[in-house]
Amino acid sequence: MARQEAKKDVVIVGLGWTGAIMGIELAQEGLEIVALERGHDQDTVPNFQYPQMIDELKFGVRLKMMQKPSQQTLTVRRNESETALPYRSLGSFLPGNGVGGAGTHWNGLNWRPQAEEMRLRSYVTENWGEGIIPADMTIGDYPVTYDELEPFFARFERVAGISGTAGNIKGELREGGNPFEGWRSEEYPMPAMPSTWDGAKFAEAAKAAGYHPFPSPGGIASRAYVNEYGMQMGPCNHCGFCERYGCFQYSKSSPQTAILDRLKQYPNFTYRTESEVLRVEMAADGKTATGVTYFDEKAGEEVFQPADIVILATYQLNNVHLMLLSGIGQPYDARTGEGVTGKNYGYQMNGGVTMFFKDEHFNPFIGTGANGFCIDDFGMNNIDYGAEGFIGGAYWRSGQTNGQPIRSMPLPSGTPTWGAGWKQAVGEWYGHAMSIGAHGSCMSYATNHLDLDPTYTDRHGRPLMRMTFNWNANDIRQTQFMKSKMEPLAQSMNPDLMQSSFKKEGAQYDVRPYQTTHNTGGHIMSDTPTTGVVNRYSQAWDKHNVFALGAGNFVQNTQYNPTGLVGGLAYWTAHAIRTQYLSNPRPLV
Amino acid sequence: MKTILRVIGGAAVLGAAGLAAFVFVPVQRTAAVTDLPADWTAPEGAGEYVMYAGDCMACHTAEGGQPFAGGRAIHSPMGTIWSTNITPDPETGIGGYSLDEFRAAMIDGIRADRAHLYPAMPYENYRLMTEEDIRALYQYFMEDVQPVNNAVEATALSFPFNMRFGIRAWNWLALSHDAGPAVSGDTPEDRGAYLVDGAGHCAACHSPRTAFMSQDGITKADANYLTGGEVDGWHAPALRGPGSAPKVWAVEEMAAYLSTGRNAHSAANGEMGLVVRDSLQHLTDEDNLAIATYLRTMDGAPETASVAEAATTTETMLTEATDLDLGARLYLDNCSACHFVDGKGAAEIFPELANNSIVTAPQIGGLANVILHGAELPSTEHRPMKLKMQGYADRLSDEEVAALATFLRQAWGNDAPPVAAADIAPFRAQAAH
């Protein structure tokens, strides 16, 4: 018999970015709220404090801020004919753990999607006809538009404290910003960060080639900042410990710097850590949830937490897993195309060029996660899909993030990986390399999806979730297109050596090397109950008091890092709950 | 011989009678400074506001205890004084106090049983409060505070300080000023002075103490008023005079410091952090501005901050980073990431170290404590973040802390004496709040 806690108005599952946003927005309504966080509590001091955080072996290699596979993981296969095996050693993607979630260990790159990406199927159809969309490509339109989300993107950027230079304010193009971005109602909350030499050098070459470089937008403070909640950031010192680390000096946007201490002031808000939600419980009629059952790690027992509203705010993979375990949405069946939960799992198709210059000194130990300059000349809305033979795009960025010795030592290909030859190459090339990355789109396909594994279970006896994912020819054509444009630009910079890394035709997904933690889809938004799991307000179609946040809502991934869209959708959803749902709980669509 | 004996005997009798009178004749309570009608009641919320202004919470609530139920240890040079239960509990609190008895405690330092309170209770300052504020506060404690039955530990100082009647003599010195406000106008300056001198009892820490441990400066009329004091080894900086924060900071900056514990220059640490947390953040913006205005203008024209040439010299030295001494090197390795090589930090988050009163204080306690044990700002309404600086006790030896402190005290134009390792040692074991 599970222990039962006193009923709350709202239970929030997961206390990362979206959980913190929903917490503070709904706390302002006076609702009684409890947030359940699987991991431990953590704050800048003592958890991220200097100098303990500046430890590449512990955090960069041994991944001490991440979810432990023994605690929670999934199985992975590339296609239906393979047997999925558990992801026992973190590689391709790194879900976070603890209060603040991935918002504590991200790089800080913060982008809005392009307006065209929010209505991709219509955009493609209108310009090139439905015929260019491959049969197995399941892209769609988001059931909410860029224009509708704009105020909420802006709100998230103000709360998170984003530095950057606007390129389009209310339709008016601005010198120095991204001319291809969606319109903004206002300038970024903080001016752009200064760039290191590699970014500046790239920007120079890009400009000479007729492209439009602009400083990378990021949740890294370029000066002291105070947001609408009175929360604060301090100016960044470019120490280069962003991704995989918590920021020791309040310079990186995170729930800790942007929201949590304000949220903790509300007497109607509480949170419990080491409380892993196992499933959402349903009313007898199946139309609403009654609360959640979680495992209380400290007490070693299951607990039922009743609540009127259930908000799923965990990482995308865990949200989809909880929905599959709890019967939220009909599970997606890849053979028939029926069902919705687990559909349209998406990722990111990235590539890049590294250049070596004997006479340049890049000082790679100076950096930030969102450093440098970008171009969007090969973005989604700049490519002729009909002519190029793929649907997709990428933004390019050059800007060193760190010079950490174990993982950030780019050397010419063919260099021995250890011994005297390696030492000599490090002596010769450390500090003399720079790179350009293409951060590209990955479309949704019928074959890339999530469901429950038939074999493996977790420590609670629940089936693990199974990921079926492989690279698709369309996205490989996209990345090969980027290669064909990037290599000439890199050559124009006259490096002594140069090497490329782009996926080639026939490339198979390899779950071992790190690629990106931009896992998307699986509980996608839709305009009808048969095509997605949640409606335009992130509300479960079949359980109106369940709301699901995060990148699981993405109909297909965008070409950008997902946080800006995740944050915008969270404020959009909070607004809908506050203004439409609370006064009359019901399906909002 | 007989005569001598007679004289001595007479003197002894007189002395004994005098002493008996001193000990046993009831003390007189000061009357209300304003005659208010018996049915006068305070406006809604006024009493609670006075409570915040007077910071009653800070002393009368134990760590983790019920509000106002007493039991907090207050360390004095005479020994530990335990704060009393001031909830309206009739048995262990002040539920049985009449208004006159309550007023006497506030302005004369006399309990209902006419015994003397120890002057840890700042009745020297509360004496300057209006009758309206005292009535409002009485009403608040009697009607709005939850009674808590909590018998607190009795204060037991060693002889002679356990003889409470001795405070009678002390009060002849300390309570020479009249009851009631020293200012009567309603300008921001007067409102500021009223709050600073009365309920706010700023002089309790920021004025020096006399040889008898009474406050050396209760109002502006006193020469040493707010010229700086000492609390638990920390320097309570001067609030007047050349270079003092209220003279150098803009009024808005000073008000921000009071209401949030942080501003473009500095952060409230130690006891002042608690004052912000429990008292000042609850005052209106107008009142904090009034306090800032009063402090800035009381001695005539404010100063404008000047950039010392020495600041640039330090910045250049740290930037070039050649041949640094130990203190400068430790600064670069441990401090400059946030406070930067210019020592300016960043507004409201990383305090400025140039001309920082904790850094340059005559007493080293504040600086030593912050370096060793770190600091935490209170969560306030306008600035909820509990900004923390980590301590370096596990990373730096006493010699290193002393070298770092010495560097800070002489960098960017700071001009304070060096610190020795022996000065640091006593603070290593003693964590700040």
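For the numbers below, each heavy atom of this structure counts, side chains included, while hydrogens, waters and symmetry mates do not. Residue numbers begin at 1 in each chain, while the letters A, B, ... track the order of the sequences.
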Examine whether an atom of A:Phe248 lies under 4.5 Å from a heavy atom of chain B, and if so say whether it belongs to the side chain, the backbone or both; otherwise answer neither.
-> side chain
Among B:Gly345, B:Ala337, B:Ala346, who wins on heavy-atom pairs under 4.5 Å with chain A?
-> B:Ala337
Do other residues, nucleotides or ligands put more than 12 heavy atoms under 6.0 Å from A:Glu187 CD?
-> yes
Considering only heavy atoms, give the residues of residues 321-331 of chain B separated from chain A by less than 4.5 Å, sorted numerically, with 'none' for an empty result.
-> none
Under 3.5 Å: donor-acceptor pair, side chain of A:Gln232, backbone of B:Glu348 | yes
Below 4.5 Å, heavy atoms only, C-beta onward: do A:Tyr50 and B:Cys338 meet side chain to side chain?
-> no
Would you mind checking which part of A:Gln52 comes under 4.5 Å of any heavy atom in chain B, side chain (CB onward), backbone (N, CA, C, O), both or neither?
-> side chain
For residues 383-396 of chain B against chain A, heavy atoms under 4.5 Å, the residues are B:Arg383, B:Pro384, B:Met385, B:Lys386, B:Leu387, B:Lys388, B:Gln390, B:Tyr392, B:Asp394, B:Arg395
Exceeds 12 heavy-atom contacts within 6.0 angstrom, atom CD of A:Glu274 | yes
Top contributor to chain B interface from A:Gln256, A:His238, A:Met231 [non-hydrogen pairs under 4.5 Å] | A:Met231
Engaged part of B:Thr380 at the chain A interface, taking heavy atoms whose separation is under 4.5 Å | backbone
Would you mind checking which part of B:Glu381 comes under 4.5 Å of any heavy atom in chain A, side chain (CB onward), backbone (N, CA, C, O), both or neither?
-> both
Please indicate whether A:Arg62 has more than 12 foreign heavy atoms, meaning atoms of other residues, nucleotides or ligands, lying under 6.0 Å from its CZ.
-> no
Between A:Ala224, A:Cys239, A:Pro46, the one whose heavy-atom pairs under 4.5 Å with chain B are most numerous | A:Ala224
B:Ser379 and A:Lys264, any side-chain heavy atoms less than 4.5 Å apart | no
In terms of heavy-atom proximity below 4.5 Å to chain B, should A:Thr257 be classed as side chain, backbone, both, or neither?
-> both
